[in-house]
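By convention in this document, chain letters (A, B, ...) are assigned in the order of the sequence lines, proteins followed by strands, and residues within each chain are numbered from 1. Predicted model only: the values in this text are computed from it and were never measured.
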There are 2 protein chains.
Amino acid sequence: MNTRDKIIETAIRLFNERGTRAVTTNHISAGAGISPGNLYYHFRNKEEIIRAIFRQMDVYGREEHRRIHERTTGTIETIEESFVMIQKFNWRFRFFKRELTSLVNADPALKEDFVRTHRETLVLVRSSIDRSIEHGLLLSLPEEDRQFLAEAIWLVTLFWPNYLEVSGEEVNEASLQRGSDLLRRILAPYVVQRPKRRSRPG
Amino acid sequence: MNTRDKIIETAIRLFNERGTRAVTTNHISAGAGISPGNLYYHFRNKEEIIRAIFRQMDVYGREEHRRIHERTTGTIETIEESFVMIQKFNWRFRFFKRELTSLVNADPALKEDFVRTHRETLVLVRSSIDRSIEHGLLLSLPEEDRQFLAEAIWLVTLFWPNYLEVSGEEVNEASLQRGSDLLRRILAPYVVQRPKRRSRPG
DNA sequence: CTACGATTAGAGTATATACTCTAATCGGGA
DNA sequence: TCCCGATTAGAGTATATACTCTAATCGTAG
């Protein structure tokens with residue numbers, strides 16, 4: 001692993017553990033086993049490290065989205081699966097979601113990048129809904145309702161881990177599953193296959 | 001206004017403007033027109049100021065909740081009204097919601113306080129749903145679904161301003177209204193008197 | 001090998017920031 | 001009036017932290 005990547009990996013780890021505030025560039029260089037000077041040879045400043053992490057997150061995220069899109073048939077089960085996949089992916093970058101609002105507020109460049117990705121994601125979710133409707137898996141909905149449904153899904157996906165943390169709940173397999181359940185219940189009324197039939201396997 | 005309150009007011013203003021990270025205790029004392037020594041006579045440290053702000057928020061919040069509870073008949077309209085009221089109240093303490101996860105993660109005492117309030121609020125929302133069902137305004141739902149509905153409502157209420165900010169949208173009357181709309185659409189399927197007859201099968 | 005650009009070390013620095021200390025002042029009761 | 005505790009001023013300090021500087025070393029093309 002080259003020095004640049006070592007810095008990024010260490011930063012992700014420390015940020016996840018202690019938050020961007022508490023972690024200094026000197027901590028990162030020490031953690032990566034390099035000198036502060038070396039760190040600053042690769043990054044102009046701390047903000048740039050965070051931006052680089054976001055860019056990596058973005059690249060992985062797009063891959064993830066593509067994978068989800070490919071295997072998604074539009075059934076409620078695949079939507080749930082996608083949620084779980086996204087949460088697992090987010091776990092690696094959990095500090096970012098945790099501090100999301102502060103981070104994007106503190107760095108206009110980062111905000112711009114995030115907003116772009118955010119909008120693209122919303123389009124993806126929306127198109128997934130459209131597809132499900134076309135395939136007769138979801139009830140036909142007017143344009144406006146589709147958009148709102150997409151936003152509801154994305155809001156829950158984006159903030160569920162934060163919700164857990166501020167609720168005093170541990171973020172683990174089980175509690176993430178609850179987020180997935182919540183999503184299912186939000187979607188349930190729109191699923192063509194009668195939603196009231198709650199005798200799933202289990 | 002006494003010195004202590006002056007400090008709190010100034011801190012709220014500056015935190016809202018620039019975030020807790022960028023605002024120093026010296027900024028606060030300067031902004032309040034007092035000396036740093038004086039500030040530290042009233043508060044042991046910065047964390048204590050934030051805790052004091054939360055306590056104030058909590059007191060106001062409880063009043064607000066009581067008022068909402070009194071006038072709420074359980075119709076979808078009053079639920080929307082409550083959302084808007086809560087958002088307006090939150091606006092005064094917007095830094096707190098913005099940095100919510102970081103703040104509670106950084107201060108265990110604050111976290112404990114917040115979690116308590118959070119749980120109480122969830123109970124309130126839940127009882128509001130129960131009441132609506134009893135009055136025949138919402139469809140009867142099994143226990144589990146009620147709880148999830150309460151959580152969905154509270155999650156959206158809690159994170160809607162954050163969602164707007166990270167979406168690159170301005171937080172204003174109109175965008176807050178969209179949050180209220182979202183909430184209505186989440187609830188719509190459970191409302192007994194169908195709000196709008198849509199062209200949907202069933 | 002040599003030259004040389006890329007990389008790295010690590011001591012060093014300017015500044016910021018949370019917080020302290022002591023003396024002064026205020027305000028109200030005796 | 002004087003006293004005395006509560007309050008306030010504000011210079012001062014220890015520490016942290018982001019970042020710099022220069023010299024050393026590495027890797028590789030010629």
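Using a 4.0 Å heavy-atom distance criterion, B:Ile34 is classed as a sugar-phosphate-only contact.
When the side-chain hydrogen bond (donor to acceptor under 3.5 Å, both in side chains) test is applied to A:Tyr41, no partner is found at least two apart in sequence or on another chain. Taking the side-chain hydrogen bond (donor to acceptor under 3.5 Å, both in side chains) definition, one finds that A:Glu165 meets it with A:Arg98, B:Asn105, sequence neighbours left out. Looking at residues two or more places apart in sequence or on another chain, you find a side-chain hydrogen bond (donor to acceptor under 3.5 Å, both in side chains) between A:Glu151 and B:Tyr163, B:Arg178. Every residue two or more places apart in sequence or in another chain that forms a side-chain hydrogen bond (donor to acceptor under 3.5 Å, both in side chains) with A:Lys97 is listed here: A:Asn90. Evaluation of the salt bridge (charged side-chain N to carboxylate O under 4.0 Å, His left out) rule for B:Arg116 yields B:Asp113 as partners, not counting sequence neighbours.
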Side-chain donor-acceptor distances from residues 153-160 of chain A under 3.5 Å, at least two apart:
unit_1, atom_1, unit_2, atom_2, d
A:Trp154, NE1, A:His118, ND1, 3.1
A:Thr157, OG1, A:Ile153, O, 2.7
A:Trp160, NE1, A:Ser175, O, 3.0

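Residue pairs meeting the salt bridge (Lys or Arg N to Asp or Glu O under 4.0 Å) criterion with at least one member in residues 27-47 of chain A, sequence neighbours excluded: A:Glu47-A:Arg51.
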DNA chain D in dot-bracket form (Watson-Crick or G-U pairs under 3.5 Å, [ ] crossing, | inter-strand) is ||||||||||||||||||||||||||||||
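Counting heavy atoms from C-beta on, the side chains of A:Phe95 and A:Leu103 come closer than 4.5 Å.
Atom CZ in B:Arg4 sits about 15 Å away from atom C1' in D:dA6, given to the nearest Å. The interatomic distance linking A:Tyr41 (OH) with D:dC26 (C1') rounds to 12 Å, in whole Å.
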Hey, what are the protein-to-nucleotides 15-22 of chain D N/O distances that come in under 3.5 Å?
unit_1, atom_1, unit_2, atom_2, d
D:dA18, OP1, A:Lys46, NZ, 3.2
D:dA18, OP2, A:Thr25, N, 2.9
D:dA18, OP2, A:Thr25, OG1, 3.2
D:dC19, OP2, A:Tyr40, OH, 3.3
D:dC19, OP2, A:Lys46, N, 3.4
D:dC19, N4, A:Asn26, OD1, 3.3

